[in-house]
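A quick write-up on the structure given underneath.
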Amino acid sequence: MQVIETLAEGLKRELKVVIPAKDMEAQMNERLADAKDRVRINGFRPGKVPVAHLKKVYGKSIMADLVNEIIRDRPTAILSERGEKSATQPEIAMTEDQDEAEKILAAEADLEFTLSYEIIPAIELKDASGIKITREVVAIDDKEVDDQILKIAESARSYETKKGKAAEGDRVTMDYLGKVDGEAFDGGKDEDAELVIGSNRFIPGFEDQLVGVKAGDEKVLTVTFPADYPAAHLAGKEATFDVKVKDVAAPGEVTIDDELAKKLGLESAERLREVVRGQIESQYGSVTRQKIKRQILDQLDELYKFDTPQRLVDAEFENIWRQVNTDLQQAGKTFADEETTEEEAREEYRKLAERRVRLGLVLSEIGEKADVQVSEEEMQRSLFEQLRQFPGQEKEILDYFRKTPGASASLRAPLFEEKVIDHLLTEVAVTDKTVSKEELLADDEASEEAKPASKKKAAAKAEGDEAAAPKKKAPAKKKAADESAE
């Protein structure tokens with residue numbers, strides 16, 4: 001086999017691979033000899049079929065299998081022998097001339113094909129001790145824990161049906177149907193919906209108009225969707241809601257005791273307090289972690305400058321660009337609304353894609369040198385988390401990961417990245433700084449407010465900050481998850 005390099009330009013490589021016809025014929029003859037004792041052909045005793053006859057019957061079929069195996073297996077071996085890693089699957093090209101192909105299958109012409117690929121550049125790792133990180137830590141006071149426990153107690157309080165009119169704090173059970181211009185809209189209908197007046201779960205103006213209703217009342221409410229409402233087709237629109245009140249219930253007393261804790265599956269109020277404090281610490285810890293990670297990535301971006309494989313950048317850019325356009329479409333906006341043009345946006349997101357690819361290669365090299373491993377147990381936990389997020393779709397998700405090539409990599413990649421960040425934290429200089437929760441959250445909030453809507457999610461992914469991704473909201477009301485996150 002001959003391997004001739006025909007292109008070496010930057011990271012681009014092209015190789016011409018030639019396997020002489022006589023070598024292909026020799027391999028074919030070996031397989032024919034091996035098959036001789038196993039095939040059954042009418043007119044011949046077992047093991048007595050002449051090789052020439054076998055070749056006539058099975059030669060092209062065996063040669064086709066050989067060609068397919070070579071095309072499938074040799075590229076990996078060739079790159080390994082050259083000490084190169086391809087950024088993507090190499091492109092393979094061979095003759096499309098039918099006559100030439102027939103000659104190859106008949107062992108009358110050499111097998112020739114070309115490999116085109118981009119190599120992953122060699123990355124010389126640099127000393128990470130010069131990276132300086134400020135770790136912001138929030139000291140959680142008792143009042144914040146008390147306030148959160150009170151919210152939990154209020155959400156778990158009991159309600160008792162009452163006669164008379166609904167007042168602030170009462171729970172109203174109702175059916176409703178929302179309409180815009182007299183036409184019902186998707187997501188604007190519900191039955192037996194429960195709403196506590198004053199909870200601000202529904203769009204502005206909805207709850208205020210329920211004050212004074214009684215069980216059995218039917219009422220038409222008129223509201224206006226906020227101009228920045230996530231559903232573009234409803235934003236700024238006036239809507240009516242046909243409401244049928246089924247029940248009005250007054251709230252019971254809010255009590256924080258062992259009984260409340262037991263309702264929540266905990267043994268005591270003290271244990272509830274510990275759990276709530278732990279949850280608050282975890283929430284702030286997630287923000288701290290993201291800010292630490294951002295600092296590390298920004299400094300790695302300054303440390304490492306090298307050409308990136310354009311095929312990887314192209315693929316990354318397409319992912320980002322697809323998300324940007326989806327976000328714009330969902331928000332009902334254009335690039336002009338965000339004070340930019342499509343050309344300017346493309347250039348900016350192209351740079352973002354290059355950064356992500358470069359940092360991904362750097363983290364991969366650091367992890368490889370540090371022998372960072374993702375265990376099967378960690379992969380299973382990650383898969384379980386995926387299943388938990390989509391109740392009722394477990395089978396479809398499992399089938400997807402079982403049957404889709406490379407799907408497991410989408411589970412492994414973020415786990416590997418986080419473990420590499422953990423490794424770097426043992427090498428970089430970290431200084432702890434105690435801050436208030438307002439200070440911890442201020443920088444993120446300010447930076448997010450400064451970004452156009454379509455840029456937030458793409459930027460978040462580039463920084464490894466999925467927490468900044470916009471939340472979807474139900475058309476007529478906020479999801480319960482929004483309440484618990486507040």
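- Residue K305 qualifies as enclosed at atom NZ: its count of foreign heavy atoms under 6.0 Å is above 12.
- Counted by atom type alone, Q323 and D327 present one or more donor-acceptor pairs between their side chains at under 3.5 Å.
- Ring geometry for F241 against F225 counts as tilted: the plane angle lies between 30° and 60°, on a 0 to 90° scale.
- Within 6.0 Å of the CD atom in E396, the count of heavy atoms belonging to other residues, nucleotides or ligands exceeds 12.
- The pair R74-E69 does not count as a salt bridge, with every side-chain nitrogen at least 4.0 angstrom from each carboxylate oxygen.
- When the side chain to side chain donor-acceptor pair (under 3.5 Å) test is applied to D307, no partner is found at least two apart in sequence or on another chain.
- Under a cut-off of 6.0 angstrom, the local environment of CD in E385 is crowded, with over 12 non-hydrogen atoms contributed by other residues, nucleotides or ligands.
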Output, in order, the C-alpha distance, side-chain angles, deciding distance and verdict of salt bridge (Lys or Arg N to Asp or Glu O under 4.0 Å) for K263 and E259.
-> CA-CA 6 Å; K263 282 183 182 178; E259 284 303 312; over 6 Å; no
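- The residues D314 and R311 are annotated as not salt-bridged, no charged nitrogen and carboxylate oxygen being separated by less than 4.0 angstrom.
- Side chains of K132 and V428 form no contact here, defined as non-hydrogen atoms less than 4.5 Å apart.
- The aromatic rings of F202 and F206 lie tilted to each other, with the angle between the two planes from 30° to 60°.
- For the residue pair S375/E378, the side-chain donor-acceptor check at 3.5 Å is satisfied.
- Distance CD1/I366 to CG/L361: 11.0 Å, rounded to 0.5 Å.
- Ionic pairing of D432 and R135 is present here: one or more N-O contacts between side-chain nitrogen and carboxylate oxygen are shorter than 4.0 angstrom.
- Seen from the ring of F416, R412 counts as a face-on cation partner, given the 6.0 Å and 45° thresholds.
- Expressed to the nearest 0.5 Å, how far CE of M379 lies from CG of L415 amounts to 7.0 Å.
- D422 CG: more than 12 foreign heavy atoms inside a 6.0 Å radius.
- Distance check, rounded to the nearest 0.5 Å: NZ of K262 to CG of D257 gives 9.5 Å.
- Looking at L11, L79, I92 one by one, the single match for side chain to side chain contact (heavy atoms under 4.5 Å, CB included) with Y117 turns out to be L79.
- A salt bridge does not link E343 to R346: none of the charged nitrogens lies less than 4.0 Å from a carboxylate oxygen.
- Using a 4.0 Å cut-off between charged nitrogen and carboxylate oxygen, K143 and D147 count as a salt-bridge pair.
- In this structure, CG in D190 is found 11.0 Å from CG in L177, a value given to the nearest 0.5 Å.
- Around CD of E267, the count of heavy atoms belonging to other residues, nucleotides or ligands within 6.0 Å exceeds 12.
- The 12-atom threshold is not exceeded at CD of E124, counting heavy atoms of other residues, nucleotides or ligands nearer than 6.0 Å.
- Within the model, atoms CZ of R82 and CG of L115 stand 9.5 Å from one another, a figure rounded to the nearest 0.5 Å.
- D301 CG to R355 CZ: the interatomic distance, rounded to the nearest 0.5 Å, is 4.5 Å.
- Ion pairing between E318 and R322 fails under the 4.0 Å rule for side-chain N and carboxylate O.
- Results of the salt bridge (charged side-chain N to carboxylate O under 4.0 Å, His left out) test with R277 over D146, D142, D141 single out D142 as the only residue that passes.
- Under 4.0 Å is where a charged nitrogen must lie from a carboxylate oxygen, and between E316 and R356 at least one such pair does.
- Between R13 and E84, at least one side-chain N (NZ, or NE/NH1/NH2) sits under 4.0 Å from a carboxylate O, which counts as a salt bridge.
- At a threshold of 4.5 Å between non-hydrogen side-chain atoms, the residues K165 and K214 count as touching.
- Inspection of the D247 and T161 side chains reveals an N or O donor paired with an N or O acceptor under 3.5 Å.
- A salt bridge links E274 with R271: the closest approach of a Lys/Arg side-chain nitrogen to an acidic carboxylate oxygen falls below 4.0 angstrom.
- When the ring-ring contact (aromatic ring centres under 6.0 Å, His included) test is applied to Y284, no partner is found at least two apart in sequence or on another chain.
- A 6.0 Å sphere centred on NZ of K246 holds more than 12 heavy atoms belonging to other residues, nucleotides or ligands.
- Few gaps surround NZ on K219; more than 12 heavy atoms of other groups in view lie less than 6.0 Å from it.
- Side chains of Q299 and Q295: a donor-acceptor N/O pair is absent below 3.5 angstrom, by distance only.
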Chi angles and distances behind the side chain to side chain contact (heavy atoms under 4.5 Å, CB included) call for I296, I133 | CA-CA 7 Å; I296 290 176; I133 301 300; 3.6 Å; yes
